[in-house]
Structures are given as C-alpha cells and as structure tokens.
Novice: 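Have a look at this one.
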Protein chains: 2
Amino acid sequence: MSPGPVDAAPGTRPVRGATYPPGTIGAMDSSNTRRQATRQKLFEAAVTLIAEQGFSSTTVDEIAERAGVAKGTVYYNFASKTVLFEELLRHGVELLTTSLQNASDENAERGGSHVDGLDAMIRAGLHFISRYPALTQLYVAELWRTNRAWQSTLMMVRQRAIAVIEAELRDGVAAGELSEDIDIALTASALFGMVLVAALDWQSYQPERSLDDVHAALSLLLQGRVGGGAVAPG
Amino acid sequence: MSPGPVDAAPGTRPVRGATYPPGTIGAMDSSNTRRQATRQKLFEAAVTLIAEQGFSSTTVDEIAERAGVAKGTVYYNFASKTVLFEELLRHGVELLTTSLQNASDENAERGGSHVDGLDAMIRAGLHFISRYPALTQLYVAELWRTNRAWQSTLMMVRQRAIAVIEAELRDGVAAGELSEDIDIALTASALFGMVLVAALDWQSYQPERSLDDVHAALSLLLQGRVGGGAVAPG
DNA sequence: GCTTTTGAACTGACCGGTCAGTTCAATTTC
DNA sequence: GAAATTGAACTGACCGGTCAGTTCAAAAGC
C-alpha cells in the first residue's frame with residue numbers, strides 16, 4: 001500500500017538519516033571517515049547552490065548531483081534537507097568566529113592596540129568572505145528574515161560573531177582608547193555591516209582588487225580619516 | 001465607453017497580464033483607478049510575504065489571499081510571479097533614491113557641508129528602512145545572489161542608490177573637505193552597508209530605540225570619533 | 001560481515017499558470 | 001431615465017509539472 005510510515009520507522013531498518021552526532025560536522029574532526037568525506041562534499045555542494053538560488057529553489061537532486069553522490073546518500077547522511085542546511089549554518093559560524101577571535105588574540109599577543117585589533121578583525125573578515133563567498137551570501141540572505149524555522153540558529157550565529165567585535169570595543173573603551181560615547185552594540189553592528197557589504201561588493205563588482213586594497217579603504221573609515229580626519233576633535 | 005482604460009490600450013482585448021506601463025506603479029500616480037488600487041494591494045502583500053519567506057517559498061495563492069483578491073487577479077495584473085517581483089523592486093528603488101537625493105539636496109540648500117550631507121543621507125536611510133523594513137530585507141536577501149533572473153534589475157537598483165552616495169563623496173573630496181586618499185566606490189559601499197546592517201539590527205533586536213539614537217551612533221562612526229577621534233590627525 | 005553507497009522507483013502534496021465564466025459601473029440607446 | 005450593452009476587472013476550479021521524502025534490493029567499500 002503506502003510506501004511506509006512517514007515517521008519513526010518501526011525498529012527494523014538502519015535508522016536512516018537519523019540525527020547524527022552534532023559535534024562532528026564537516027572537516028572539523030580529524031578522523032576522516034568515509035562518511036565524513038561524503039558529508040563534507042554535500043556541505044560544499046549545498047552551500048554553493050543555496051547561495052546561488054536560495055534554499056527552497058535548490059532541490060535535493062541538484063545537491064546530490066553536484067556532490068557526485070546518489071540522492072539516497074543525502075538521506076542516509078542527513079535526516080532532511082532542512083537538517084542539512086541547519087548543520088551547514090552551524091558549521092559555518094564556527095569558522096567565522098574562530099577566525100575573528102584568532103585575529104583579535106594574535107593582535108593582543110603582539111601588543112597591538114584595540115583599534116589595531118578592530119583593524120585586524122576587519123582584515124580577518126575580508127579574508128573569510130573572500131574565501132567563503134557563498135557561505136557569506138547565504139547568511140546575508142537569511143539573517144534578517146522572519147518566520148523562519150532556523151531563526152534561532154541564525155540569531156545565535158549572529159550573536160557569536162558580533163560578540164567578538166563588541167568585546168574588542170568594550171576593551172578599547174575601558175583602556176581609554178575609544179570614546180566613551182560610543183554605543184557598543186550599534187557600533188559593532190555597523191562595523192560588521194561595513195565589512196560585509198564592502199566585501200560582497202568587492203567580490204561581486206571589483207574582484208580584481210586585492211584584499212590589501214579593500215582593507216586599506218576600510219581602515220581609513222574606521223580610523224576616522226574620511227569624515228572627521230581633517231577636523232580637530234572638540 | 002469603459003470605466004476608463006488606465007493607459008489607453010490600443011488593441012481590442014484586455015491583453016491579459018501584459019507588460020504594464022512601467023512608469024505608473026504603486027501609489028505614485030494620483031489617478032486612483034480600481035486597477036491601481038489592486039496592484040498596490042498586491043505589492044503590499046507580496047513585499048511582506050517575500051521578505052518573510054523568500055521569493056520561491058512564497059506562493060501566488062498566499063499573495064492573493066493576503067491582498068484579498070483571487071489568484072486570477074494576480075495574473076490579470078502581472079504577467080507572472082517574477083514580473084510582479086521585478087516591478088516591486090523597481091518601485092522600491094525609486095522610493096529610496098528619491099529619499100537619499102532629497103536629503104542631499106536639502107542639505108546643500110541649507111548650506112551644509114558635504115559631511116553633513118552624508119550625515120543627512122544616513123538619517124534618510126535609517127528613516128527609509130524603518131518605514132519599509134520588509135522591502136529592505138528583501139533587497140538584502142537578493143542583492144548579492146548570483147544566477148538570478150532579475151540580476152540585472154538588482155544591479156541597476158544598487159547602482160542608483162550607491163551613485164547618490166558616491167556623488168556626495170566626490171563633491172566632498174573636490175571641496176577639500178574629505179581626504180583625497182579615500183576610495184570613492186568602496187567607501188560608498190561601506191557606508192551603505194554600515195547603515196543597512198545597523199538599521200536592520202536595530203529593527204530586529206532593539207526596536208524600542210529611537211531613530212535619533214541610532215543616527216547618533218552612526219554619526220560618531222562617520223565622523224571618526226570611534227577609532228580616530230581621540231587621536232590627533234597628522 | 002558491517003557500514004556505506006547506489007540508483008531507480010514511487011507517492012502525494014504543492015504550486016505556477018490557465019481559462020471559461022461572472023460581476024458591475026460606466027456608457028449608450030431609445 | 002429605465003433598459004440594454006459593453007468590457008475591464010475579477011474569480012476560482014482545474015491542469016500539468018515538480019519536488020521532498022521514502023523505500024529497497026543490490027553493489028561497493030573497508
């Protein structure tokens with residue numbers, strides 16, 4: 001009759017596409033099992049396609065084809081298309097926050113100022129975006145969308161990235177290096193947006209320019225050489 | 001004869017869902033025919049739904065239902081779902097560029113500096129986003145997506161908005177008010193992104209704050225009081 | 001021999017687009 | 001000025017295609 005129960009297959013078969021150990025995602029784990037490799041291929045295929053077309057326009061068949069596996073394999077590795085996407089998001093944010101945090105830490109270790117720290121994070125952000133443009137596009141497209149199933153996942157993602165910037169700002173203020181008048185949360189958002197949009201435009205419309213070039217332009221803005229550089233502060 | 005053709009169709013029949021005079025979109029025209037009203041309702045329904053769910057997850061049935069019309073009416077007024085969306089985009093960018101341009105012009109008239117002009121545009125941008133949050137979300141979600149049918153429409157849209165900012169920057173440099181070192185295109189992008197992301201975060205996460213408040217925070221950044229304000233310029 | 005992958009088949013819901021028919025305010029006719 | 005006519009605007013059932021998800025027997029690794 002029916003092809004089978006929609007949910008909770010009765011005991012027998014391998015629990016296909018069941019919730020997989022959520023810790024070991026992507027290339028994070030060193031033990032490179034065969035399955036890990038397949039999952040990685042699926043991530044890479046999915047991120048590109050979804051960035052290009054959006055989540056719902058991307059079919060599971062396409063993902064499987066691009067990854068070079070059979071459709072059944074997708075469902076062997078992930079419970080559903082949605083779950084695949086959610087794990088992808090979690091995987092991605094890990095890469096970004098690590099990158100930002102490293103930039104901040106390394107700057108601190110070499111004795112740089114907090115403004116230098118922000119500058120280093122701008123560079124790290126640019127580097128990340130140029131390396132994972134599809135992932136970035138995908139976040140941007142989904143981040144402020146309401147009524148989404150993965151809304152909470154995305155908020156967590158955003159919060160983790162912003163928090164790193166906020167910490168640097170806070171430390172800068174505490175050290176007397178930044179004005180006490182600044183609004184930490186809003187400034188962090190604004191800086192984040194500045195890098196995000198500038199980088200995406202760079203990738204989309206002027207890809208021939210170097211990272212240093214773009215970084216220099218943003219540095220000027222950060223250091224107030226655009227609108228206030230020539231004006232003596234009160 | 002008829003209740004009044006909106007644009008004097010030369011042919012006989014109602015040329016169903018044909019390309020409609022692109023000039024008269026939305027509530028722009030004062031002559032409020034029945035059809036105009038319907039189109040306006042459809043725009044409003046579509047912009048909200050697409051902002052929430054994305055283009056392809058939004059069904060024509062949903063749009064029709066939210067607008068309070070039958071599905072057929074959608075296809076009577078627009079050739080396809082895609083065309084409806086494209087006209088929506090064009091309609092929206094008109095509002096934004098006008099708003100930015102007005103802010104710039106009014107500042108110039110009252111004898112403000114070019115930095116003041118940028119500041120006024122930031123304010124105008126914030127105002128726009130708080131007034132049309134759904135439209136903004138929608139642009140952000142689609143703007144950097146590749147392989148889209150309306151790619152060219154979006155590029156045009158972006159270019160028109162950015163051009164207004166670039167002009168102000170260029171004038172500022174020419175007037176000796178801004179550093180000659182700045183990269184016009186990149187700085188314009190960055191400023192655009194700064195406002196965009198800060199505003200969306202404001203709307204999403206701190207909606208109780210006032211526009212003035214947010215504007216003040218971004219002004220500080222523009223005028224270099226964050227990273228460079230305390231440092232005496234060379 | 002277990003895990004993993006394959007690939008084809010199938011299902012049922014969903015969705016964009018169509019179209020024959022209906023409505024009704026403006027216009028024309030008498 | 002009442003009746004008839006017109007046709008733009010609107011309606012909603014319907015059609016054909018698409019796709020997520022499921023299943024499974026067989027093959028391929030390790």
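As a basis for the values below, the full set of heavy atoms in this structure was taken, side chains included, without hydrogen atoms, waters or symmetry mates. Residue numbering restarts at 1 for every chain, and letters A, B, ... go by the order of the sequence lines.
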Novice: Rounded to the Å, how far apart are K81(A) NZ and dT22(D) P?
Specialist: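 Taking atom P of dT22(D) as the reference, NZ of K81(A) is at 14 Å.
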Novice: To 10°, what angle do the rotation axes through the five end pairs on each side of the helix from dG1(C)-dC30(D) to dC30(C)-dG1(D) form?
Specialist: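 If I round to tens, the end axes sit 20° apart.
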Novice: Using 4.0 Å as the upper bound for N to carboxylate O, is an ion pair formed by D201(B) and R209(B)?
Specialist: no
Novice: Holding to side chain to side chain donor-acceptor pair (under 3.5 Å), I want the full list of residues that pass it with Q101(B), two or more places apart in sequence or in another chain.
Specialist: D105(B)
Novice: Any base atoms under 4.0 Å from T82(B), or only sugar-phosphate, or nothing? Heavy atoms, all strands.
Specialist: nothing
Novice: Measure CZ/F55(B) against P/dG16(C) and give the value in whole Å, please.
Specialist: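 It is 8 Å, rounded to the nearest whole Å.
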Novice: To the nearest Å, give me how far apart CD1 (I63(B)) and C1' (dG17(C)) are.
Specialist: 13 Å
Novice: Do K71(B) and dG16(C) have a side chain to base donor-acceptor pair shorter than 3.5 Å?
Specialist: yes
Novice: With no hydrogens and no angle check, is any side-chain donor or acceptor of E62(B) less than 3.5 Å from a backbone partner on T59(B)?
Specialist: yes
Novice: Just how far, in rounded Å, is C1' of dT4(C) from CZ of R39(A)?
Specialist: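 That distance rounds to 13 Å.
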Novice: With a cut-off of less than 4.0 Å, is there a side-chain N or O of Y76(B) near OP1 or OP2 of dC10(D)?
Specialist: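 No, Y76(B) has no side-chain N/O under 4.0 Å of OP1/OP2 on dC10(D).
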Novice: Does the side chain of Q40(B) come under 3.5 Å of the side chain of Q36(B) through a donor N or O and an acceptor N or O?
Specialist: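 The criterion, which ignores hydrogens and geometry beyond distance, is not satisfied for Q36(B) and Q40(B).
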Novice: In whole angstroms, how far is the C1' atom of dG16(C) from the CZ atom of F78(B)?
Specialist: 16 Å
Novice: Counting the atoms with a prime plus P, OP1 and OP2 as sugar-phosphate, which does T73(B) contact under 4.0 Å by heavy atoms, base, sugar-phosphate, or nothing?
Specialist: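 Result for T73(B) = base.
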Novice: Check whether any side-chain N or O of N77(B) sits under 4.0 Å from OP1 or OP2 of dC10(D), and answer yes or no.
Specialist: yes
Novice: Starting at CG of L84(A) and ending at P of dA20(D), how long is that distance when rounded to a whole Å?
Specialist: 12 Å
Novice: Does K81(A) make a cation-pi contact with F55(A) (under 6.0 Å, within 45 degrees of the axis)?
Specialist: yes
Novice: If you look only at distance, which donor and acceptor atoms sit under 3.5 Å apart when one is on a side chain in residues 121-129 of chain B and the other is two or more places apart or in another chain?
Specialist:
{"from": "R123(B)", "atom 1": "NE", "to": "H215(B)", "atom 2": "ND1", "distance (Å)": "3.4"}
{"from": "R123(B)", "atom 1": "NH1", "to": "D212(B)", "atom 2": "OD1", "distance (Å)": "3.4"}
{"from": "R123(B)", "atom 1": "NH2", "to": "D212(B)", "atom 2": "OD1", "distance (Å)": "2.4"}
{"from": "R123(B)", "atom 1": "NH2", "to": "H215(B)", "atom 2": "ND1", "distance (Å)": "3.3"}

Novice: Would you find more than 12 non-hydrogen atoms of other residues, nucleotides or ligands less than 6.0 Å from Q159(A) atom CD?
Specialist: yes
Novice: Is there a side-chain polar atom (N or O) of T38(A) under 4.0 Å from OP1 or OP2 of dT4(C)?
Specialist: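 No, outside the criterion.
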Novice: Given atom CG of L42(B) and atom C1' of dT11(D), what is their separation to the nearest angstrom?
Specialist: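 Nearest whole value for this atom pair: 14 Å.
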Novice: Are Y75(B) and dG17(C) close enough that a side-chain N or O sits under 4.0 Å from OP1 or OP2?
Specialist: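 Indeed, a polar side-chain atom of Y75(B) lies that close.
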Novice: Whole-Å distance between dA20(D) C1' and F85(A) CZ?
Specialist: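 It is 16 Å, rounded to the nearest whole Å.
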Novice: For V60(B) and G68(A), find the nucleotide of DNA chain C closest to each by heavy atoms; which residue's nucleotide sits nearer the 5' end?
Specialist: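 Of the two residues, G68(A) wins.
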